[in-house]
Amino acid sequence: MGIKRAIVHMDLDTFFVSCERLLDSRLNNKPILIGGTSDRGVVASCSYEARKFGIHSAMPMKMAKERCPEAIIIKGNSGTYSKYSKLVTDIIADSAPIFEKTSVDEFFLDVSGMDQFFGCMKYTQELRHRIMRESGLPISFALSENKTVSKIGTGEAKPNNALQIDYGTEKQFLAPLSIRKIPSVGLKTYQTLCSLGIKHIHTLQDMPVELLEHTLGKMGSSIWKKANGIDHQPVVQYNERKSISTERTFDRDTIDIVKMRGILSAMGENLAYQLRRAGKVCACVTVKIRYSDFQTKTLQKHIPYTAADHEIIPLVLELFERLYDRRVLIRLIGIRLSHLVNGSFQMNLFTDDSKLTDLYQAMDKIRNQFGDRIIMRAAGLEARTIGRTNPFNGEPPMLLANRRV
Amino acid sequence: MNFVVSSSTLLKHLQTISGVLTTSNSLAILDNFLFHISDGMLNVSASDLETTMNTSLAVEAKDSAKICVPAKLLLDVLKNLPDQPLTFSFEDNFSIEISYTNGKSKMVGFNGDDFPKLPQVENTTSIIVKGEIISSAINKTLFATGTDDLRPVMSGVFCQFSPEYIVFVATDAHKLVRYRRTDSQATGSSSFILPKKALNLLKTTVKGDEKVKLEYNDSNAIFTFNEIVLTCRLIDGKYPNYEAVIPKENPNVLTVDRLSFLSSLKRVSIFSNKTTHQVKLKITGSELAISAEDLDFNNEANERLTCSYDGEDMEIGFNSRFLLEMLNNLETEEIKLLMSQPNRAGIIVPADTDNENEDILMLVMPVVINRN
């Protein structure tokens, strides 16, 4: 048996709300909703005061407003949150031996072996106090033998508290909790398990693993292991991006093909720019559409490695053309570029690539200096609200909407 | 009927045409050789519908016959027999018996009339070309052909005949080779695209000292040399205007020893990204610096070479595979790399030439280097 691991999961409490409160103290102790303000919007984050009304993340904003009409609704500003997230990341990077940032407000730390010198719990408590002192943001954590138990533990520790799950007590700790608390048990799996009469983790623990595998397939054994507090995943400091993507949900479902083609062009143009900025090329393009009845379809195509607008955009439009075959309103469109490698674009003899690469280099230079939206194809002018952040800054992708706690 | 033939002679002939056979034939009959015996001559054919190869040899036979013989069985047994006379006998029910010193083997063939007929090639133009020209043209150009199914014309070699010279061109849109010979001419001007498979077969069968008779029309070409006849269907389509993409002026001229450039590139490219194979050439004064890096693994390599250079300082990126293939397919001691801009095509030509009738030009598109 090797050394017992000590894994910490840290999570900033109601992160977006805490950030807003730092900026405006009048928001303290009031129900606050952050998220899309339109009727289509969902709650991205809400204060504990709002949760009393039965509001939770990912709830449609319309429903949240009905439940708590006096709540203050804030649109949210991902720039501000990223800034605070970076502040906290810097503090953790400064003192932790190995850490993994899994989202804007969540971190895993591997503090194995710290017991010899500091005491794992004492060390992490000190770090937590330092984060709260220096950033002003409340943060909770749990310390245990592995990632899953720590993550579930943090959920139990919240708000603004810490929890240690001693070695050997993981199973007892998990036993009374709802199966919903297990990461990777979503609404669908939860319903499946509920229909089998499984509500609490202790039931899962007592079940033979084969039975779960029979019902849930591969997922079954992974869920069973998690329920028993078994998880050998290491804390990985850096995750290479395997793909970059962007998507857009319309305020109102649409069949305006011209508008959608414009948005897809703008998305393609922006993603191609992000590739070139990071010195990468991609070999697979995927287009996704979701109809108003939530039927979701994707279509992808492999191409020679490229980062050129004139190869990506026409392909995106062609895939969209082939994909959109029902005369039904569309709710969402998106693009993903995958199979990324470091490298640059191989020019073609028979297209006018020399001129175009000159053009891209000039445009990229202007964008680097004055911002993404300063220069673009006219077709994409309408698309104002597509995400335009640099996906290769080593940060996990920013999730504003549809976020699950 | 029966006939007698030397086992090694037959094997030699069968092996020259067995390249036509494929494992995934659309018609089962194409897994056979067609044996056609008449007037003491055995004519053997193999075909995949696109390409057909014939060879003929003298045998001892009294009658004539036409029968399909399973190719793999026949080749396997011949390969394992020492040289000796074999007696083939065919029955009316298409059973085939081969008798040799130690015994005999039997197999079942098919009706020779079921074998696909050769297309009638009419209204042909013909030209006699030296085998050496054909084989060096194929060797120099074939590597540059493309593999993209969506652009079939680029999967073949474009042949252009004119009263002044004959030209062979291959390109995959990233690299291009133009091989021109002035020591062979045609009477009129014409052009066609030869498919890769036929070229590969010619590459292995044309030795160099024979005369090759080439007949062609709009849809087919026939190569006749020694006892072999190769008939192939031409690739239908319009070849891209390659002359238009060859830069007329590339003022920056690098002259470098081919083998030292080649071996440096080989070493440096080991450290390049495994999927893009990109290397960077930086030329300042009379120094050529070759570098590559693979950010994913923190691999990198740098080498320096002395060269003679006439032009502005230059930094240009290439796919090292393309450069290696090109340098490998040249023979001269020194080569010239002519460039204009880091995002314009580079041209590689031999610095000096032993054969004044031969004109080779290789074109390679760079990869864009981030200049920001």
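Side chains included, hydrogens not; waters and symmetry mates left out as well; all remaining heavy atoms used. Naming convention: chains lettered A, B, ... in sequence-line order (proteins, then strands); numbering from 1 in each chain.
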Flag the pair B:Val367 / A:Met347 as yes when at least one side-chain heavy-atom distance between them is below 4.5 Å, and no otherwise.
no
Quick one: what part of B:Asn273 sits under 4.5 Å from any heavy atom of chain A, side chain, backbone, both or neither?
side chain
Using a cut-off of 6.0 Å, state whether more than 12 heavy atoms not belonging to B:Arg321 lie near its atom CZ.
no
Rounded to the nearest 0.5 Å, what separation is found between the OG1 atom of B:Thr275 and the OH atom of A:Tyr305?
4.0 Å
Flag if over 12 foreign heavy atoms under 6.0 Å of NZ, B:Lys280
no
Taking everything shown except A:Arg336 itself, do over 12 heavy atoms lie less than 6.0 Å from its CZ?
no
Would you say B:Lys197 has more than 12 foreign heavy atoms packed within less than 6.0 Å of its NZ?
yes
Applying a strict 4.5 Å limit to non-hydrogen atoms, the region of B:Thr171 in contact with chain A is side chain
Mark yes when over 12 heavy atoms from residues, nucleotides or ligands other than B:Lys336 sit less than 6.0 Å from its NZ; otherwise mark no.
no
Should A:Asn342 and B:Asp296 be marked as a side chain to side chain donor-acceptor pair (under 3.5 Å) after you check the CA-CA gap, both sets of side-chain angles, and the distance that decides it?
CA-CA 8 Å; A:Asn342 289 304; B:Asp296 296 341; 2.8 Å; yes
Could you tell me which portion of B:Phe322 (side chain, backbone, both or neither) has an atom closer than 4.5 angstrom to a non-hydrogen atom of chain A?
side chain
Given A:Leu349, which partner from the list B:His174, B:Lys175, B:Met365 fulfils the side chain to side chain contact (heavy atoms under 4.5 Å, CB included) test?
B:Met365
For atom CG of B:Asn299, is the number of surrounding heavy atoms from other residues, nucleotides or ligands below 6.0 Å larger than 12?
yes
Is it the side chain or the backbone of B:Leu363 that comes within 4.5 Å of chain A heavy atoms, both, or neither?
side chain
Indicate yes or no for a side-chain donor-acceptor contact from A:Ser344 to the backbone of B:Val368 under 3.5 Å, with no hydrogens or angles considered.
yes
Which atoms of A:Phe345 approach chain B - backbone, side chain, both or neither, heavy atom under 4.5 Å
both
Contact check, side chains of B:Leu176 and A:Phe350, non-hydrogen atoms, under 4.5 Å
yes
Looking just at side-chain N and O atoms, do A:Asp358 and B:Asn343 make a donor-acceptor pair shorter than 3.5 Å?
yes
Above 12 or not: heavy atoms from other molecules or residues under 6.0 Å from CD of B:Glu164?
yes
Option that, when pairs with chain A are counted at under 4.5 Å, heavy atom only, ranks first among B:Pro366, B:Ala345, B:Pro240:
B:Pro366
Among B:Lys274, B:Glu293, B:His277, B:Arg344, which has the most heavy-atom pairs under 4.5 Å with chain A?
B:Arg344
Quick one: what part of B:Asn241 sits under 4.5 Å from any heavy atom of chain A, side chain, backbone, both or neither?
backbone
If you draw a 6.0 Å radius around CG in B:Asn139, do more than 12 non-hydrogen atoms from other residues or ligands fall strictly inside?
yes
